[in-house]
Amino acid sequence: MPSRAVLAPMAGVTDRPFRILCRRLGAGLAASEMLTSDVRLWSTPKSLRRMDHAGEPEPRVVQLAGAEPQALAHAASLNVDLGAQIIDINMGCPAKKVCGKLCGSALLREEPLVARILEAVVRAVSVPVTLKIRTGWSRESRNGERIARLAESCGVQALAVHGRTRDDLYGGAAEYDTIRAIKAAVRIPIFANGDIDSAEKAQSVLDFTSADAVMIGRASHGEPWIFRAVNAQLDACTTPVPLASREVRAIILGHLESLYAFYGEDVGVRVARKHLGWYCARLPDATQVRRALMAAGNTVSQFALTKNYFDRWVDGAATGSHDNSIMAPA
């Protein structure tokens, strides 16, 4: 891995344009959005986009979700044939529609099934298999350490642990005691995940847990350059020079262009709204600007409005009429 900060897979966020952007800004790995193991659904536009890795930096990571060992093994094998270089199994998603099918974090309640899944997938592919979990199903049933030992015995090569249970969803604060215990219990690399939103927090989590890397999710929304700051902290304990406003503008406009090229006109403008909302959240007069950008009905007007706003923002930074530190790396 080129760095110890990696992008967490997030449905609806970590599409190919965002993965490529985060890798360029320092993410050591960037897994695909969760792909179902049911190959009958792979012909849908959503699945086809999730399986598109053209131009993506290596190693290419495909995350699979499912509950049937042979179906997951078959899906993993097919994705390796299509160019996947790491297969990641999702046992961490807390979404009701996922857990209702005994997928995602619901599997943490079925340890024998977890073993059968991991054994089947590891046997089926020649590339590394990794696993993403939560600390357990509930605070009364934190079995992350047992799952970690089981995963290691099945041949899993690395484990990402979100410091919450399924019942916690995304509420409250992540806890790292369980991640620390898991790291002490196994020899495979451990990625610590949950509430890591700054370079300083990444350092403190690694210091406390002794994990090998941090996995960053929601903190990358509207701030993909967070990996740059985290890497500087972890590699040299230094603070990187803040991005200049013109560099921020170039990143945002380039991201828009890649979204339009990937999704096309109708879907592209809708997906871009989400990212623009996150980008604008930290800027002056964010509410007014966001309202205008959300109202843009096509890519041409959306891009023009975005460029116009950020051109004015860059000009303001050059003249010292506003504080540029709001867009500094975390």
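Note that these values count all heavy atoms, side chains included, but never hydrogens, waters or copies made by symmetry. Positions are given from 1, in the same order as the sequence printed here.
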From [X] [atom1] over to [Y] [atom2], what is the distance, rounded to the nearest 0.5 angstrom?
X: Asp235; Y: Ser3; atom1: CG; atom2: OG; answer: 7.5 Å
X: Arg109; Y: Leu113; atom1: CZ; atom2: CG; answer: 11.5 Å
X: Ile179; Y: Thr135; atom1: CD1; atom2: OG1; answer: 8.0 Å

Any side-chain to backbone donor/acceptor pair from [X] onto [Y]? Under 3.5 Å, distance only.
X: Lys183; Y: Phe191; result: no
X: Glu33; Y: Gly12; result: yes
X: Arg246; Y: Val314; result: no
X: Arg273; Y: Met294; result: yes
X: Gln203; Y: Glu200; result: no
X: Glu223; Y: Ile226; result: no

Below 4.5 Å, heavy atoms only, C-beta onward: do [X] and [Y] meet side chain to side chain?
X: Asn193; Y: Val161; value: no
X: Ile182; Y: Ile190; value: yes
X: Val186; Y: Leu159; value: no
X: Tyr176; Y: Asp195; value: yes
X: Ser47; Y: Leu35; value: yes
X: Arg50; Y: Asp15; value: no
X: Met1; Y: Val6; value: yes
X: Thr165; Y: Glu140; value: no

I'd like to know if [X] pairs up with [Y] as an ion pair, taking the criterion as any Lys NZ or Arg NE/NH1/NH2 lying under 4.0 Å from an Asp or Glu carboxylate oxygen.
X: Asp311; Y: Lys307; value: yes
X: Glu152; Y: Arg187; value: no
X: Glu58; Y: Arg60; value: yes
X: Glu175; Y: Arg142; value: yes

Query raised in the report: Are more than 12 heavy atoms from other residues, nucleotides or ligands located less than 6.0 Å from atom NZ of Lys274?
Result: yes
Requested in this report: Answer yes or no: are there more than 12 heavy-atom neighbours, outside Gln288 itself, under 6.0 Å from its atom CD?
Outcome: no
Report task. Please report the C-alpha distance between Leu64 and Asn90 in whole Å, then the side-chain angles of each, then the deciding distance to 0.1 Å, and finally whether the side chain to side chain contact (heavy atoms under 4.5 Å, CB included) criterion is met. Result -> CA-CA 6 Å; Leu64 297 174; Asn90 184 309; over 6 Å; no
Would a single hydrophobic cluster contain both [Y] and [X], if residues Ile, Leu, Val, Met, Phe, Trp and Tyr are joined by side-chain heavy-atom contacts under 4.5 Å?
X: Leu305; Y: Tyr260; answer: yes
X: Ile252; Y: Tyr309; answer: yes
X: Val127; Y: Met51; answer: yes
X: Val289; Y: Val300; answer: no

Report task. Not counting sequence neighbours, which residues clear side chain to side chain donor-acceptor pair (under 3.5 Å) with Ser220? List them please. Result ->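 Per chain and number, Ser220 pairs via side chain to side chain donor-acceptor pair (under 3.5 Å) with no residue.
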Query raised in the report: Does Thr130 have any side chain to side chain donor-acceptor pair (under 3.5 Å) partners at least two apart in sequence or in another chain, and if so, which?
Result: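 Expected list: Asp88.
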Tell me the closest heavy-atom pair linking [X] and [Y], and the distance in Å.
X: Val125; Y: Ser77; answer: CG1-N, 3.7 Å
X: Pro2; Y: Gly28; answer: CD-O, 3.5 Å
X: Pro94; Y: Tyr170; answer: CD-OH, 3.7 Å
X: Ala5; Y: Asn231; answer: CB-OD1, 3.6 Å
X: Ser32; Y: Pro9; answer: O-CB, 3.4 Å
X: Val62; Y: Ala84; answer: CG2-CB, 3.6 Å

Requested in this report: With Glu56 as reference, evaluate Arg19, Arg16, Arg23 under the side chain to side chain donor-acceptor pair (under 3.5 Å) test and give the passing residue.
Outcome: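 Going through the options one by one, the only one that passes is Arg19.
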Requested in this report: Start with the C-alpha gap between Phe303 and Leu253, add the side-chain angles, then the distance that decides, and say whether side chain to side chain contact (heavy atoms under 4.5 Å, CB included) holds.
Outcome: CA-CA 7 Å; Phe303 187 87; Leu253 295 180; 3.9 Å; yes
Query raised in the report: Leu131 pairs by side-chain contact (heavy atoms from CB on, under 4.5 Å) with which of Leu150, Ile188, Leu118?
Result: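 So the option named by the test is Leu118.
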Report task. Go through the steps for Arg134 and Leu108 under the test side chain to side chain contact (heavy atoms under 4.5 Å, CB included), then give the verdict. Result -> CA-CA 8 Å; Arg134 288 192 164 221; Leu108 299 177; 4.2 Å; yes
Report task. Go through the steps to decide whether Leu25 and Leu21 satisfy the test side chain to side chain contact (heavy atoms under 4.5 Å, CB included), and finish with yes or no. Result -> CA-CA 6 Å; Leu25 291 170; Leu21 175 60; 3.8 Å; yes
Ignoring hydrogens and angles, state whether a donor on the side chain of [X] or [Y] is under 3.5 Å from an acceptor on the partner side chain.
X: Glu265; Y: Thr299; result: yes
X: Ser138; Y: Ser141; result: no
X: Gln302; Y: Asn298; result: no

Query - Any pair counted as ring-ring contact (aromatic ring centres under 6.0 Å, His included), so long as it reaches residues 2-46, sequence neighbours left out - result: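 Every ring-ring contact (aromatic ring centres under 6.0 Å, His included) pair that includes a residue of residues 2-46, provided the two are not neighbours, is Phe18-His255, Phe18-His275.
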Report task. Starting from the C-alpha separation in whole Å, work towards a yes-or-no answer on salt bridge (Lys or Arg N to Asp or Glu O under 4.0 Å) for Arg218 and Asp197. Result -> CA-CA 8 Å; Arg218 288 174 291 169; Asp197 56 5; over 6 Å; no
Report task. Would you verify whether the NZ or CZ of Arg49 falls within 45 degrees of the ring axis of Tyr263 while also being under 6.0 Å from that six-membered ring's centre? Result -> no
